[in-house]
Amino acid sequence: MNDTTTGNAVHDRIRQEIKDNSVVLFMKGTPAFPMCGFSAAVVQVLNNMGVQYKGIDVLTDPGLRQGIKEFSDWPTIPQLFVKGEFIGGCDIVREMQTSGELKTLFTDKGVATKAA
Amino acid sequence: MSAAQPGPIHSAIESKLREQFAPDRLTVIDESHRHEGHSGARPGGESHFRVEIVAAAFAGVSRTERHRRVHRALATELEGGVHALALRLLAPGES
């Protein structure tokens with residue numbers, strides 16, 4: 001037993017995913033085939049910025065779909081995590097892209113983006 | 001053609017947000033008609049909303065916390081038929 005074990009297998013899996021991957025997008029569908037316009041919008045932002053990320057499809061896993069909402073205290077999908085930190089959903093990602101804050105965030109966190 | 005009267009969920013969203021945040025500006029748009037036939041759309045509509053709030057209550061509050069406060073205010077609607085809620089949450093003077 002250690003500090004990071006909660007007894008909730010789904011939360012443990014989420015914790016592991018966001019620890020092992022610098023940028024994780026919990027989404028509906030996959031980066032190649034988003035199944036929702038909001039997920040597609042975030043995929044497009046990340047792709048345009050040239051960020052490497054892991055897309056995780058919640059539609060194929062009902063437990064994950066519910067678990068991620070509890071984990072983040074956030075009721076909707078998509079959800080973006082950078083270096084283990086919850087950043088937000090589609091509205092916040094788009095606002096941060098427009099303002100330039102998203103680029104700054106990636107730079108500050110040591111996540112590579114392609115030159116603008 | 002004039003727009004239909006706001007539905008009951010639309011009205012509930014407006015009144016709850018007005019009560020909770022005393023906004024300087026509140027706009028609630030039912031965009032459900034644009035999502036007919038998509039996943040999450042319902043025959044009765046009132047599934048997709050866009051909300052813009054300008055409220056002093058958001059000053060000095062992080063983006064995620066602003067969203068969480070609105071999510072909490074509308075928990076009943078989000079657990080019910082509202083499939084999508086696009087939010088733009090500003091403090092006075094922000095754009």
Side-chain angles (χ1 to χ4, degrees), chain A residues 18 24-30 33-42 44-45 57-62 65-106 108-109, chain B residues 9 12-13 16-17 20-21 26-42 46-55 58-59 61-91 93-95:
Chain A
I18 64 176
V24 181
L25 180 64
F26 293 89
M27 62 179 292
K28 293 181 178 174
T30 63
F33 292 101
M35 298 294 287
C36 160
F38 300 98
S39 290
V42 177
Q44 192 178 13
V45 167
D57 183 4
V58 304
L59 293 179
T60 58
D61 187 338
R65 185 176 181 173
Q66 186 55 36
I68 188 67
K69 296 178 181 183
E70 296 162 359
F71 182 87
S72 315
D73 183 21
W74 197 263
T76 53
I77 311 291
Q79 297 186 14
L80 181 67
F81 288 79
V82 178
K83 296 279 183 179
E85 182 191 344
F86 175 63
I87 304 304
C90 175
D91 297 324
I92 288 179
V93 169
R94 284 202 283 206
E95 279 177 21
M96 290 181 71
Q97 183 205 25
T98 303
S99 69
E101 287 164 88
L102 193 59
K103 174 94 173 162
T104 305
L105 174 83
F106 284 133
D108 290 350
K109 300 268 190 187
Chain B
I9 298 174
I13 289 173
K16 286 181 182 181
L17 294 176
Q20 191 79 34
F21 300 103
L26 171 65
T27 311
V28 178
I29 301 169
D30 183 348
E31 297 187 325
S32 307
H33 61 282
R34 292 173 47 188
H35 300 273
E36 278 169 23
H38 295 194
S39 69
R42 299 179 306 155
E46 299 211 272
S47 56
H48 292 65
F49 288 90
R50 174 171 298 279
V51 170
E52 182 167 327
I53 303 174
V54 178
F58 294 141
V61 177
S62 73
R63 277 200 177 85
T64 48
E65 185 56 27
R66 291 178 189 189
H67 281 243
R68 283 195 178 104
R69 289 182 188 181
V70 172
H71 295 155
R72 280 197 287 272
L74 302 179
T76 309
E77 287 70 26
L78 284 166
E79 283 161 19
V82 174
H83 167 76
L85 185 66
L87 299 175
R88 185 165 160 79
L89 309 176
L90 305 172
E94 295 178 350
S95 61

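Below, all heavy atoms of this structure are taken into account, side chains as well, without hydrogens, waters or symmetry copies. Reminder, nothing fancy here: chain letters follow the sequence lines and each chain counts from 1.
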Next item on the list: Kindly give the heavy-atom pair with the smallest separation between B/Thr64 and A/Ile87, and that separation in Å.
Entry: CG2-O, 3.3 Å
Next item on the list: Considering non-hydrogen atoms only, spot the tightest contact between B/Leu85 and A/Asp91 and give its length.
Entry: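 Scanning both residues completely, I find the closest heavy atoms to be O-OD2, 3.9 Å.
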Check: Would one find more than 12 heavy atoms of other residues, nucleotides or ligands at under 6.0 Å from atom CD of A/Gln44?
Finding: no
Check: Should the pair A/Asp73-B/Arg68 be classified as a salt bridge under the 4.0 Å nitrogen-to-oxygen rule?
Finding: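 Counted as a salt bridge, because a side-chain N and a carboxylate O are separated by less than 4.0 Å.
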Next item on the list: Below 4.5 Å from any heavy atom of chain A, which atoms of B/Leu87 appear? Answer side chain, backbone, both or neither.
Entry: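 For B/Leu87, backbone and side chain are both near chain A.
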Checklist line | Atom group of B/Arg88 that falls short of 4.5 Å from chain A, counting heavy atoms | finding: both
Check: Hey, what's the ring geometry for A/Trp74 with B/His67, parallel, tilted or perpendicular (30° and 60° as the breaks)?
Finding: parallel
Next item on the list: Go through the steps for A/Glu101 and B/Arg63 under the test side chain to side chain contact (heavy atoms under 4.5 Å, CB included), then give the verdict.
Entry: CA-CA 12 Å; A/Glu101 287 164 88; B/Arg63 277 200 177 85; 2.9 Å; yes
Item checked: Rounded distance (nearest 0.5 Å) linking atom OG1 of A/Thr76 with atom NE2 of B/His83 ->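 Here the rounded value is 10.0 Å.
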